[in-house]
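Have a look at the structure below before the remarks.
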Protein chains: 4
Amino acid sequence: MAPSSFTEEGGEPVARTQPSGQEPVPQRLLSAATRLFAEQGFETTSVQQIVDAAGVTKGAMYHYFGSKDDLLYEIYARVLRVQMSRMEQAADSSESVERRLRAVAADVVVTTVAYLEDTVIFFRSMHLLHADKQAEVRAERRRYHERVRQLIEEGQRAGVFRADRSPELVVDFFFGAVHHLGSWYRRDGPMSGEQVGDQFADLLLDALRA
Amino acid sequence: MAPSSFTEEGGEPVARTQPSGQEPVPQRLLSAATRLFAEQGFETTSVQQIVDAAGVTKGAMYHYFGSKDDLLYEIYARVLRVQMSRMEQAADSSESVERRLRAVAADVVVTTVAYLEDTVIFFRSMHLLHADKQAEVRAERRRYHERVRQLIEEGQRAGVFRADRSPELVVDFFFGAVHHLGSWYRRDGPMSGEQVGDQFADLLLDALRA
Amino acid sequence: MAPSSFTEEGGEPVARTQPSGQEPVPQRLLSAATRLFAEQGFETTSVQQIVDAAGVTKGAMYHYFGSKDDLLYEIYARVLRVQMSRMEQAADSSESVERRLRAVAADVVVTTVAYLEDTVIFFRSMHLLHADKQAEVRAERRRYHERVRQLIEEGQRAGVFRADRSPELVVDFFFGAVHHLGSWYRRDGPMSGEQVGDQFADLLLDALRA
Amino acid sequence: MAPSSFTEEGGEPVARTQPSGQEPVPQRLLSAATRLFAEQGFETTSVQQIVDAAGVTKGAMYHYFGSKDDLLYEIYARVLRVQMSRMEQAADSSESVERRLRAVAADVVVTTVAYLEDTVIFFRSMHLLHADKQAEVRAERRRYHERVRQLIEEGQRAGVFRADRSPELVVDFFFGAVHHLGSWYRRDGPMSGEQVGDQFADLLLDALRA
DNA sequence: TATGAATGAGCGTTCATTCAT
DNA sequence: AATGAATGAACGCTCATTCAT
């Protein structure tokens with residue numbers, strides 16, 4: 001019922017009824033929700049707070065989103081789409097497997113930092129999603145992990161990575177570290193996302209190198 | 001109003017008013033809360049559900065705990081105390097710094113797996129605690145990280161670990177991975193907590209070795 | 001604002017803007033509303049459901065009908081007009097009073113069965129109409145009862161019907177039974193509307209016969 | 001979850017926390033709901049109106065009743081219990097079958113008039129009950145009709161009633177008339193419930209007599 | 001120690017209706 | 001003649017907490 005995507009990741013911006021300079025209502029709602037969910041948590045944020053922050057009424061929100069849950073789902077779906085497409089580009093490039101894994105590892109840190117609020121919300125609140133949407137999100141995450149695991153296996157077969165590491169476990173180890181960035185990384189701290197990405201990639205590669 | 005600890009981590013079992021064979025009410029409440037919070041989330045679990053699961057009434061719960069929040073805090077405090085004390089024992093032993101860090105790394109995985117529900121609750125719900133209790137919990141976590149960081153610095157000074165790694169970052173990296181165990185580790189899966197601890201320790205040490 | 005009648009009970013079909021084969025919008029709305037109100041009840045049916053079922057939009061509905069209430073009123077008015085005109089024809093014929101009452105009684109059962117959904121809606125939901133429209137509908141019903149009562153009185157004066165029956169009460173008794181058809185009669189059951197009409201007329205006449 | 005009966009149809013009144021003279025909360029809620037549902041309809045009456053009329057808060061209502069639906073169900077169940085037990089007493093007495101049917105017919109009119117509000121609510125709003133509760137209520141009604149039909153069949157076998165009447169249809173006919181009392185009978189009108197019962201019983205018996 | 005009736009504020013959601021286009 | 005985004009008020013319901021007993 002609710003459109004599956006409101007974020008215009010490409011495609012021409014379409015003129016709506018809003019004067020230019022004003023973002024369309026669905027995007028405003030999504031931004032407000034993202035900020036509030038990250039600050040206060042999903043359950044502690046009321047729909048009233050969201051619509052107030054977005055400058056619309058509840059009715060308008062329910063015109064675009066089927067439920068408060070939908071807002072949460074859309075936040076997940078948005079960051080998932082971005083990370084998936086960037087990862088696939090890096091993983092499928094013509095570089096050496098070592099460089100490709102490094103690129104993937106560094107990039108996922110960069111995008112996680114870029115979408116830090118979304119990530120925080122993600123891991124705190126996914127369990128609050130309705131079961132079916134939760135399953136969709138998990139499936140997409142699994143595809144992501146799978147692709148990275150294949151990269152490690154490829155490196156092991158090529159003799160570039162140690163063969164005595166469980167690729168599955170390494171993936172869980174590394175993404176665990178990445179997914180927890182939200183609990184310590186600060187944008188106003190000493191390191192940029194790129195710098196952290198570099199270091200995390202080093203740590204991963206050192207642990208894998210034959 | 002509510003006592004700060006009900007868990008008897010050692011010390012002789014004391015006879016209470018309860019007939020032997022029945023756990024005392026506060027522990028029953030804490031167990032029920034832990035299970036339900038892990039299964040359904042903190043906000044989604046009602047006080048009524050908790051007292052039903054513990055076989056008592058609301059009045060009894062409010063006799064022992066000041067609020068629903070207190071239950072959450074007590075769950076955190078309990079696992080924090082256990083992990084802190086075990087870590088200090090390993091970190092202060094007379095082994096080589098490399099062996100001490102390895103032991104700490106492996107052990108935190110083992111206890112995290114042993115208290116997996118608590119860990120899941122911790123990272124999902126800490127933001128829902130009242131600010132002051134949240135600060136207490138964070139401070140304790142920080143002390144924990146601090147001690148591990150010192151271990152790494154000690155190894156770097158001794159030339160056992162590479163000096164070009166940021167100890168802070170490595171700690172965040174490693175504990176990120178550990179804290180995320182709850183999102184993939186299954187007790188009925190193929191690996192024991194000890195096995196995962198071993199592998200995680202390997203990965204950490206490989207990334208640190210000079 | 002909304003015309004008082006859209007049903008063309010006789011008169012030549014007039015070409016509208018709709019392509020032939022497609023019923024005009026107001027009729028489509030009325031049919032959809034009748035079906036949905038009977039299935040789910042008036043308050044439980046949303047305007048959105050009605051316009052979806054009719055294949056139009058809300059704007060179109062509010063163009064033809066002033067309110068959701070109007071739809072309900074129009075449904076009543078339609079069946080009232082039909083029953084009134086058929087009853088008057090039978091009541092004013094040149095037959096004996098006994099045959100005329102019998103014809104009226106049997107016919108009201110037949111039309112009630114033919115418009116069973118409308119009857120169901122009528123008795124469930126009339127109290128939800130605005131007071132003034134409700135008064136109009138009640139007044140029309142009263143005129144109907146009145147005419148039938150006159151028939152009974154005519155029979156009593158003629159000595160065909162027992163004089164010790166209250167005509168008013170007999171009318172209420174009989175129409176009570178008729179109006180309740182909706183709660184047990186099934187179109188796919190063993191009896192046709194005509195058969196039920198016959199039997200009901202028998203029961204009425206037996207109770208009246210001198 | 002909600003107790004199945006709050007009405008004390010017999011049994012000693014139990015002292016509660018309420019000072020004598022004040023009805024207990026569940027009864028007050030049921031009375032208020034009955035009055036308001038009959039006046040305004042079920043869907044048009046808000047829970048807030050009910051609790052205001054009963055002088056309690058929403059929380060109190062939901063302490064005793066699982067839902068607004070439950071209130072409706074309890075109203076039905078109450079009148080159903082009364083009518084069923086009175087009918088069985090009359091139907092199982094040692095009188096002649098004719099007198100027994102007459103007693104049943106007259107009595108159901110009397111109780112319907114005594115519980116006129118409940119009856120009005122019943123036939124207007126039953127379709128709004130949840131499916132399973134609706135089924136329970138229908139089943140009970142069916143048992144009631146069944147018993148009365150047996151009485152008619154008994155009379156037919158005994159040769160007291162005409163054998164060419166369908167007992168099923170006669171039951172539907174008569175109870176239709178009874179169930180519609182709510183749409184015309186007025187307590188402040190010229191006839192008592194007993195008088196109407198007498199006349200209705202006459203009409204039924206006349207139509208059945210061999 | 002413990003009960004459980006009662007509170008009261010707040011929640012997510014619905015929906016008939018309006019109106020600029 | 002028709003669209004559909006947006007409103008705004010109300011709704012049924014939940015729940016942590018209190019308190020007389």
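The sequence lines fix the lettering, A, B, ..., with proteins before strands; numbering per chain opens at 1.
- Distance CZ (F65(D)) to P (dA6(E)): 12 Å, rounded to an integer number of Å.
- A side-chain donor-acceptor contact under 3.5 Å links Q40(D) and T45(D).
- For DNA chain F, the stems formed by at least three consecutive Watson-Crick or G-U pairs, with both atom-pair distances below 3.5 Å, span E:2-21 with F:2-21.
- In this structure, L36(D) atom CG and dC11(F) atom P are separated by 12 Å, rounded to whole Å.
- Counting only heavy atoms from C-beta outward, the side chains of Y76(B) and I121(B) approach each other to under 4.5 Å.
- Between D69(B) and S46(D), the residue anchored nearer the 5' end of DNA chain F, judged by the nucleotide with its closest heavy atom, is S46(D).
- Considering only heavy atoms from C-beta on, S67(A) stays 4.5 Å or farther from Y73(A) through its side chain.
- Whole-Å rounding puts the Q40(A) CD to dC11(E) P distance at 10 Å.
- Remark: side-chain polar atoms of E117(C) are not paired, donor with acceptor, to backbone N or O of R35(C) under 3.5 angstrom.
- When the P atom of dG12(E) is taken as reference, atom CG of L29(A) falls 14 Å away, rounded to whole Å.
- Between dG12(E), dA2(E), dC13(F), one nucleotide has an atom nearer to the side chain of K68(D) than all others, and that is dC13(F).
- Per the geometry, CE belonging to M61(A) stands 7 Å off P belonging to dT13(E), to the nearest Å.
- If you take CG on L80(C) and CZ on F122(C), they are separated by 5.0 Å, rounding to the nearest 0.5 Å.
- A close approach under 4.0 Å does not occur between any side-chain nitrogen or oxygen of Y62(D) and OP1 or OP2 of dT14(F).
- When heavy atoms are screened at a 4.0 angstrom cut-off, T44(B) is found touching no nucleic acid atom at all.
- Applying a 4.0 Å cut-off to non-hydrogen atoms, the residues of residues 47-60 of chain B that approach DNA chain F are V47(B), K58(B), listed by residue number.
- Taking 4.0 angstrom as the limit, Y64(D) places a side-chain polar atom (N or O) nearer than this to OP1 or OP2 of dA6(E).
- Summarising the geometry, the separation between CG on L71(C) and P on dT17(E) is reported as 10 Å, rounded to the nearest angstrom.
- Formation of a donor-acceptor pair under 3.5 Å by the S46(D) side chain with backbone atoms of Q49(D) is found in this model.
- Going from atom CZ of R28(C) over to atom C1' of dA2(F) covers 13 Å, rounded to whole Å.
- One can place CD of E43(C) at 13 Å from P of dC11(F), the figure rounded to the nearest angstrom.
- Dashed line: the shortest gap from a side-chain N or O of H63(C) to OP1 or OP2 of dA2(F) is not under 4.0 Å.
- At least one side-chain heavy atom of R28(C) sits under 4.5 Å from a side-chain heavy atom of V56(C).
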>> I'd like to know whether R78(C) forms a salt bridge (charged side-chain N to carboxylate O under 4.0 Å, His left out) with D118(C), so could you lay out the CA-CA distance, the side-chain angles of the two residues, the decisive distance to 0.1 Å, and finally the verdict.
In response: CA-CA 9 Å; R78(C) 185 179 52 184; D118(C) 305 62; 2.8 Å; yes
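- Ring orientation note: the planes of F42(D) and F37(D) are nearly perpendicular, at an angle over 60° on the 30°/60° scale.
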